[in-house]
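Just so it is clear, the model here is predicted, and its values are computed rather than measured. When a residue number appears, it is its place in the shown sequence, counting from 1. In each ligand, atom 1 is the first atom listed, and ligand 1 is the first ligand listed.
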Amino acid sequence: MSARVISGKEVAEEILSNDLRLRVEKLKGKNIVPKLVVILVGEMKASASYVAQKEKFAGKAGIESEVRRFEDTISEEEILDEINKINTDSSIHGVIVQLPLPKHISVTKVLNSIDPSKDVDGFTPSNVGKLFLGEDTLVSCTPKGIMSILKSADVNLTGMNVTVIGRSNIVGKPVSILCQQQNATVTMCHSKTRDLNAKLADADVIIVAAGVPKFINGDQIPNGAVVVDVGIHNIEGKLCGDVDFESASKKASAITPVPGGVGPMTVCALIENTIIAAERSS
Ligand code: NAP
């Protein structure tokens with residue numbers, strides 16, 4: 001078997017053309033230009049590259065984006081002041097703080113200071129709480145992107161067994177909840193899980209967010225499963241995911257590639273969240 005490759009890049013472009021641009025035009029008709037501010041602290045190469053991708057997609061959607069850059073010597077108080085200014089600026093609809101932050105700054109304090117209505121990364125306790133309660137909210141971008149990818153591949157999760165590898169606050173936990181809300185039976189695995197292979201054996205869908213390069217290979221994947229690879233690693237200048245694509249694509253029915261899978265969908269979800277925040281402000 002050779003898996004169908006689900007291109008997140010193509011799905012993101014379709015969502016852009018068929019949905020996001022139209023919504024932005026509608027807002028502009030009401031004199032509202034959705035605006036995203038990205039706070040970038042320090043000089044991390046990977047962070048700068050992610051921010052550039054976000055700016056590019058924002059431009060394609062027709063929304064405004066501004067990157068506010070700060071030295072890594074900035075104090076926690078100064079960042080909190082900046083966020084406070086953004087919270088009260090009605091021309092800004094969404095704000096994200098690019099992680100990681102320097103060690104002397106509390107990520108929790110910084111994220112919790114964002115006004116939940118502008119929290120387009122969906123990381124504040126209020127938005128996470130609403131997500132878990134099944135209420136309408138700004139859903140964090142990677143899980144939201146994964147759900148869009150599954151929808152685009154016509155995967156109906158009702159009654160399916162979904163195995164998620166990883167329990168982080170930004171991927172594993174929220175995507176598990178979203179799958180369960182779509183009537184899947186979810187098994188959430190982590191580094192202390194006993195016999196991971198047994199948890200994969202009856203999976204219809206496998207979502208891998210372990211942060212370990214090529215952690216899962218074809219031998220562990222049941223025939224015909226759908227595989228979503230969230231991981232992203234730069235190994236000697238070559239990008240790969242948490243799944244060994246070559247062997248996995250011989251067993252899966254559909255698989256997301258790295259690069260070009262979950263990454264572009266995460267960016268797309270961020271821009272959609274900014275548009276949602278602007279729509280709610282109108
Ligand atoms: P993370 O915070 O490091 O969490 C990794 C999770 O995997 C943890 O829950 C950990 O278990 C689990 N894990 C690690 N080793 C394991 C093992 N041997 N067996 C089973 N579970 C294991 O990572 P993350 O932030 O969720 O990100 C995961 C990956 O996705 C990373 O490669 C990251 O770069 C990538 N990512 C990509 C995007 C995108 O847009 N494409 C967005 C976010 C993240 P414990 O909880 O027990 O430690």
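Among all protein heavy atoms, the one lying closest to atom 48 (O) of ligand 1 is Ser191 OG, 3.6 Å. When only non-hydrogen protein atoms are considered, atom 18 (N) of ligand 1 lies nearest to Phe215 CZ, 3.3 Å. For atom 35 (C) of ligand 1, the nearest protein heavy atom (residue, atom name, distance) is Val230 O, 3.4 Å. Annotation: atom 40 (O) of ligand 1 to nearest protein heavy atom, Thr266 OG1, 2.9 Å. In this structure, atom 8 (C) of ligand 1 lies nearest to the protein heavy atom Arg167 N, 4.0 Å. For atom 21 (N) of ligand 1, the closest non-hydrogen atom of the protein is His190 C, 3.0 Å. If you check which protein heavy atom lies closest to atom 27 (O) of ligand 1, you get Val171 CG2, 4.4 Å. Among all non-hydrogen protein atoms, the one lying nearest atom 42 (C) of ligand 1 is Thr142 OG1, 3.2 Å.
Between Ala209 and ligand 1 there is a heavy-atom distance shorter than 4.0 Å. Contact analysis puts Ile232 in contact with ligand 1, with a non-hydrogen atom separation below 4.0 angstrom. Within the 4.0 Å heavy-atom cutoff, Gly263 counts among the residues contacting ligand 1. Within the 4.0 Å heavy-atom shell around ligand 1 one does not find Met265.
A side-chain donor-acceptor contact under 3.5 Å links Gln98 and Lys54. Judged by distance alone, the side chains of Thr266 and Thr142 do bring a donor and an acceptor atom under 3.5 Å apart. Side-chain N/O atoms of Ser75 and Glu78 include a donor and acceptor closer than 3.5 Å.
Put simply, atom 3 (O) of ligand 1 has no protein non-hydrogen atoms near it, under 4.0 Å away.
Looking at Val267, Val212, Val258 and measuring to atom 15 (N) of ligand 1, the nearest heavy atom belongs to Val212. With atom 5 (C) of ligand 1 as the reference point, the heavy atom nearest to it among Gly211, Ala210, Gly261 is part of Ala210. Nearest-heavy-atom check against atom 23 (O) of ligand 1 across Gly231, Ser168, Gly145, Ala269 picks out Ser168. With distances taken over non-hydrogen atoms, the option nearest atom 12 (C) of ligand 1 out of Gly166, Ala46, Pro213 is Gly166.
Counting atoms of ligand 1 from 1 in the listed order, those under 4.0 Å from a heavy atom of Ile165 are 20 (C), 21 (N). Taking every non-hydrogen atom of Ile170 and a distance limit under 4.0 Å, the qualifying atoms of ligand 1 come out as 25 (O). The atoms of ligand 1 that sit less than 4.0 Å from any heavy atom of His233 are 32 (O).
Val228 places none of its side-chain heavy atoms less than 4.5 Å from the side chain of Val175. The closest side-chain heavy-atom distance from Val208 to Ile206 is below 4.5 Å.
Ser47 contributes atom OG, which lies 11.0 Å from atom CZ of Arg69 (distance to the nearest 0.5 angstrom).
Salt bridge annotation for Arg280-Asp136: present, with a cationic side-chain nitrogen under 4.0 angstrom from a carboxylate oxygen. Glu272 has a carboxylate O that lies under 4.0 Å from a charged side-chain N of Arg23, or vice versa, which qualifies the two as a salt bridge.
Around the NZ atom of Lys214, the shell of radius 6.0 Å holds no more than 12 heavy atoms that belong to other residues, nucleotides or ligands. Within 6.0 Å of CD on Gln53 lie more than 12 heavy atoms contributed by other residues, nucleotides or ligands.
In terms of N/O distances under 3.5 Å, ligand 1 is not approached by Lys192.
No donor-acceptor distance shorter than 3.5 angstrom exists from the side chain of Lys35 to the backbone of Ser91, with no hydrogens or angles considered.
Partner of Ile216 under the side chain to side chain contact (heavy atoms under 4.5 Å, CB included) criterion, chosen from Asp244, Val227, Ile221: Ile221. The one candidate from Thr124, Asn127, Asn273 that meets the side-chain hydrogen bond (donor to acceptor under 3.5 Å, both in side chains) condition with Thr137 is Asn127.
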